[in-house]
Amino acid sequence: MSPEQQTQLKQSVAIAAADYVAKNLPNGSILGVGTGSTANLFIDALVPIRQKIRGAVASSKATADRLTAIGIPLFDLNDVNAIPIYVDGADEIDPGFSMIKGGGGALTREKIIAAVADEFVCIADASKCVDVLGHFPLPIEVIPMATAQVARAISRLGGSPSLRAGFITDNGNQILDVSGLSITDPVALESTLNQIVGTVTNGLFACRGADVLLLGTATGVESSRRA
Ligand code: 5RP
């Protein structure tokens with residue numbers, strides 16, 4: 001798939017997601033909004049329905065700026081009781097709707113909002129669908145003083161960690177991108193990685209995966225719900 005085709009699919013899925021929100025977000029409630037190029041297109045597609053949305057919780061500073069630019073009020077998660085719908089992209093998604101996320105480095109805030117949300121709507125182009133997660137390097141956010149310790153622990157698990165050079169997360173931390181993992185049991189690996197002291201968040205979204213997938217394909221947007 002060419003980059004232009006991929007952008008076109010992201011665009012169509014972004015419009016489908018705005019339509020989904022218009023139909024399913026209860027009046028007066030708060031929307032959760034993810035981070036990345038697909039999420040950016042989704043924010044753009046919210047313009048015609050922004051009056052229906054009371055406000056949003058953003059998963060990154062970049063998303064917050066984009067939502068503000070189109071006039072959607074921002075809410076601090078601590079001031080919000082419920083998020084009926086969270087819409088976000090993914091780097092990979094498997095048939096059970098487990099995902100790798102964090103290519104844009106916003107995984108921690110994304111995982112927090114996903115944990116609060118009643119429904120996670122994943123928006124992705126067809127290139128993101130895989131049978132087994134792990135071709136895309138798994139991002140892990142780490143406390144800077146623990147980077148070497150976490151890297152050693154990851155190596156012992158069979159992964160090859162690489163420091164994302166020149167990148168600091170919105171939370172002031174570093175990212176290790178881990179290649180070489182074949183993730184046949186994403187729930188188990190997510191739990192194992194959570195035990196490594198010094199990690200903030202790993203980019204496996206399996207314990208809390210997506211509920212709905214809006215997938216941009218060459219023949220249109222396919223909508224499916226986790227079985
Ligand atoms: C950011 C993410 C993104 O959702 C993921 O990287 C997909 O990005 P894009 O929509 O640009 O392909 O997890 O942390």
Side-chain angles (χ1 to χ4, degrees), residues 1-18 20 31-46 56-67 77 85-94 97-115 117 119-130 133-142 162 164 166-179 183 186 190 193 199-217 221:
M1 184 187 310
S2 72
E4 292 75 22
Q5 284 168 327
Q6 190 179 24
T7 302
Q8 218 154 28
L9 297 189
K10 288 181 178 184
Q11 180 74 54
S12 57
V13 89
I15 291 167
Y20 185 94
L31 177 68
V33 184
T35 296
S37 58
T38 319
N40 282 344
L41 292 168
F42 166 65
I43 296 168
D44 297 346
L46 289 177
V57 174
S59 61
S60 63
K61 290 177 183 165
T63 289
D65 289 347
R66 208 169 179 103
L67 287 164
L77 186 60
I85 298 176
Y86 176 55
V87 179
D88 199 357
D91 298 302
E92 284 184 349
I93 182 161
D94 76 7
F97 288 11
S98 293
M99 297 166 283
I100 286 182
K101 290 184 48 54
L107 60 161
T108 296
R109 296 185 188 196
E110 292 173 341
K111 199 176 267 197
I112 293 168
I113 302 174
E119 187 173 69
F120 187 133
V121 178
C122 176
I123 50 174
D125 64 85
S127 72
K128 307 292 183 64
C129 280
V130 296
L133 299 173
H135 185 68
F136 189 93
L138 178 67
I140 299 186
E141 182 166 349
V142 295
S162 163
R164 197 177 294 185
F167 186 86
I168 298 292
T169 70
D170 284 351
N171 312 307
N173 297 315
Q174 293 178 318
I175 299 271
L176 288 171
D177 290 303
V178 181
S179 54
I183 306 171
E190 181 177 358
L193 294 173
T199 67
V200 178
T201 307
N202 70 76
L204 271 174
F205 284 55
C207 298
R208 199 281 181 258
D211 301 297
V212 173
L213 171 62
L214 299 178
L215 187 70
T217 75
V221 175

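Whatever order the structure lists them in is the order used to number ligands and atoms, beginning at 1.
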Peer 1: Return the set of residues passing side chain to side chain contact (heavy atoms under 4.5 Å, CB included) with Ser12 (not counting sequence neighbours), or none when no residue passes.
Peer 2: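 Val221.
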
Peer 1: Would you please name every residue forming a side chain to side chain contact (heavy atoms under 4.5 Å, CB included) with Asp170, sequence neighbours left out?
Peer 2: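 By the side chain to side chain contact (heavy atoms under 4.5 Å, CB included) rule, Asp170 matches Ser60, Lys61, Arg109.
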
Peer 1: List the residues meeting salt bridge (Lys or Arg N to Asp or Glu O under 4.0 Å) with Asp65, not counting sequence neighbours, and say none if there are none.
Peer 2: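 Once residues adjacent in sequence are excluded, Asp65 has no partner under the salt bridge (Lys or Arg N to Asp or Glu O under 4.0 Å) criterion.
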
Peer 1: Can you find a pair of side-chain heavy atoms, one from Tyr20 and one from Val212, that are under 4.5 Å apart?
Peer 2: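 Sidechains of Val212 and Tyr20: in contact.
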
Peer 1: Do Val13 and Asp125 make a side-chain contact, defined as non-hydrogen atoms from C-beta onward lying under 4.5 Å apart?
Peer 2: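 No, too far: nothing below the 4.5 Å cut-off.
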
Peer 1: Students should find this: residues with any non-hydrogen atom under 4.0 Å from ligand 1. What is the answer?
Peer 2: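 Only Lys10, Thr35, Gly36, Ser37, Thr38, Asp88, Gly89, Ala90, Asp91, Lys101, Gly102, Gly103, Gly104, Gly105, Ala106, Glu110, Lys128 have heavy atoms that fall under 4.0 Å of ligand 1, ordered by chain and number.
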
Peer 1: Is it true that Glu190 and Lys111 make a salt bridge, defined as a side-chain N closer than 4.0 Å to a carboxylate O?
Peer 2: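 Counted as a salt bridge, because a side-chain N and a carboxylate O are separated by less than 4.0 Å.
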
